Amino acid sequence: MRLCRDWRRTSWTNDLIIFTNGKEVISLEEQELLKSKGISVNEKKIAAFIGEDGMLEKIQFEDETSVLREGGFIATEWIHADTFKSSLEYTLNEQGGIATDSLQRTKTKGVFACGDTRIAGPSQLIVAAGEGSMAAISVIAALTEEKFNQVKQHA
């Protein structure tokens, strides 16, 4: 977790609470640092966001307690859609996507990955297109090399 040097210089509010929705994702050391800056951490499981006309009024927890809030930011948890993982025997990178080299090759011969398969999270179409192009070039190179080696062996 990366924290700003001076949380007191926030441009919107100094009344900050981090809600983890029942997950223990912030270490005790990080919690102490946040607490020293006046930021509390609430690890209760959230049951509902309550408000009217699209405006948040409070956060309701599963234990039926609540906290008044007028706004907030939500960080989503990105889960990689990799239902074919077991049959292809690839490894994951630090972003939760399929690990490749610079030519988009996985550790499994003949298996290439690009775009959203390499990143578990939001990605950009232009990046995916560029990676797709590189993967296509790599596939053509691998097929050409394979064909060349077959011709060479039969000669």
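Bear in mind that the values here come from a model prediction, so they are computed numbers and not experimental data.
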(message) Return the CD1 to CD distance between Ile39 and Glu30, rounded to the nearest 0.5 Å.
(response)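 Those atoms lie 12.0 Å apart.
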(message) Side chains of Asn93 and Ile98, heavy atoms from C-beta outward: is any pair under 4.5 Å?
(response)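 Asn93 vs Ile98: side chains apart.
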(message) Using a 3.5 Å distance criterion without hydrogens, assess whether the side chain of Thr108 forms a donor-acceptor pair with backbone atoms of Val111.
(response)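 No, Thr108 side chain to Val111 backbone: no donor-acceptor pair under 3.5 Å.
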(request) Mark yes or no for whether Glu32, through its side chain, and Glu29, through its backbone, hold a donor-acceptor pair below 3.5 Å. (result)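 Checking the backbone N and O of Glu29 against the side chain of Glu32, no donor-acceptor pair under 3.5 Å is found.
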(message) Between Lys35 and Ser40, do the side chains contain a donor N or O and an acceptor N or O under 3.5 Å apart?
(response)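 Their side chains do not contain a donor-acceptor pair, so the 3.5 Å distance test is not met.
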(request) Starting from the C-alpha separation in whole Å, work towards a yes-or-no answer on side-chain contact (heavy atoms from CB on, under 4.5 Å) for Ile46 and Glu62. (result) CA-CA 6 Å; Ile46 297 171; Glu62 285 187 348; over 6 Å; no
(request) Check Lys44 against Phe61 and note the closest heavy-atom contact, atom names and distance. (result)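 Lys44 and Phe61 have their closest heavy atoms at CB-CD2, 3.5 Å.
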(request) Enter the distance from Ser66:OG to Ile50:CD1 here, rounded to the nearest 0.5 Å. (result)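 Answer for the OG-CD1 pair, Ser66 versus Ile50, is 6.5 Å.
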(message) Is it the case that the side chain of Asn42 and the backbone of Phe19 share a donor-acceptor pair, with hydrogens and angles ignored and the cut-off at 3.5 Å?
(response)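 Looks like no, no N/O pair under 3.5 Å.
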(request) Taking only Lys NZ, Arg NE, NH1 and NH2, and the carboxylate oxygens of Asp or Glu, determine whether Lys45 and Asp63 approach each other closer than 4.0 Å. (result)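 Looking at Lys45 and Asp63, the cut-off is not met.
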Quiz: residues 133-144 side-chain donor-acceptor pairs under 3.5 angstrom, not counting sequence neighbours:
from, atom 1, to, atom 2, distance (Å)
Ser138, OG, Leu103, O, 2.6
Ser138, OG, Met134, O, 3.0
Thr144, OG1, Ile140, O, 2.8

(message) Within the structure provided, determine whether Ile26 and Gln31 are in side-chain contact (heavy-atom separation under 4.5 Å).
(response)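 The answer is yes, as the side chains (C-beta and beyond) meet within the 4.5 Å cut-off.
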(request) To the nearest 0.5 angstrom, please state how far the CG atom of Asn21 sits from the CD atom of Glu43. (result)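 CD of Glu43 is found 11.0 Å from CG of Asn21.
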(request) Give the intermediate values and the outcome of side-chain contact (heavy atoms from CB on, under 4.5 Å) for residues Ile17 and Val41. (result) CA-CA 6 Å; Ile17 303 173; Val41 176; over 6 Å; no
(request) Quick one: do Glu57 and Arg69 satisfy side-chain contact (heavy atoms from CB on, under 4.5 Å)? Show the steps, please. (result) CA-CA 5 Å; Glu57 294 175 10; Arg69 292 282 95 185; over 6 Å; no
(message) Any non-hydrogen side-chain atom of Glu70 less than 4.5 Å from a side-chain atom of Leu56?
(response)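 Side-chain contact under 4.5 Å: no.
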(request) Say whether, by atom type as modelled, one donor and one acceptor occur between the side chain of Gln104 and the main chain of Phe112 under 3.5 angstrom. (result)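 Such a contact is absent between Gln104 side chain and Phe112 backbone.
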(message) Hydrophobic clustering (ILVMFWY, side-chain heavy atoms < 4.5 Å, transitive) - are Leu16 and Phe49 grouped together?
(response)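 No, because Phe49 and Leu16 fall into different hydrophobic clusters, even though each may have its own neighbours under 4.5 Å.
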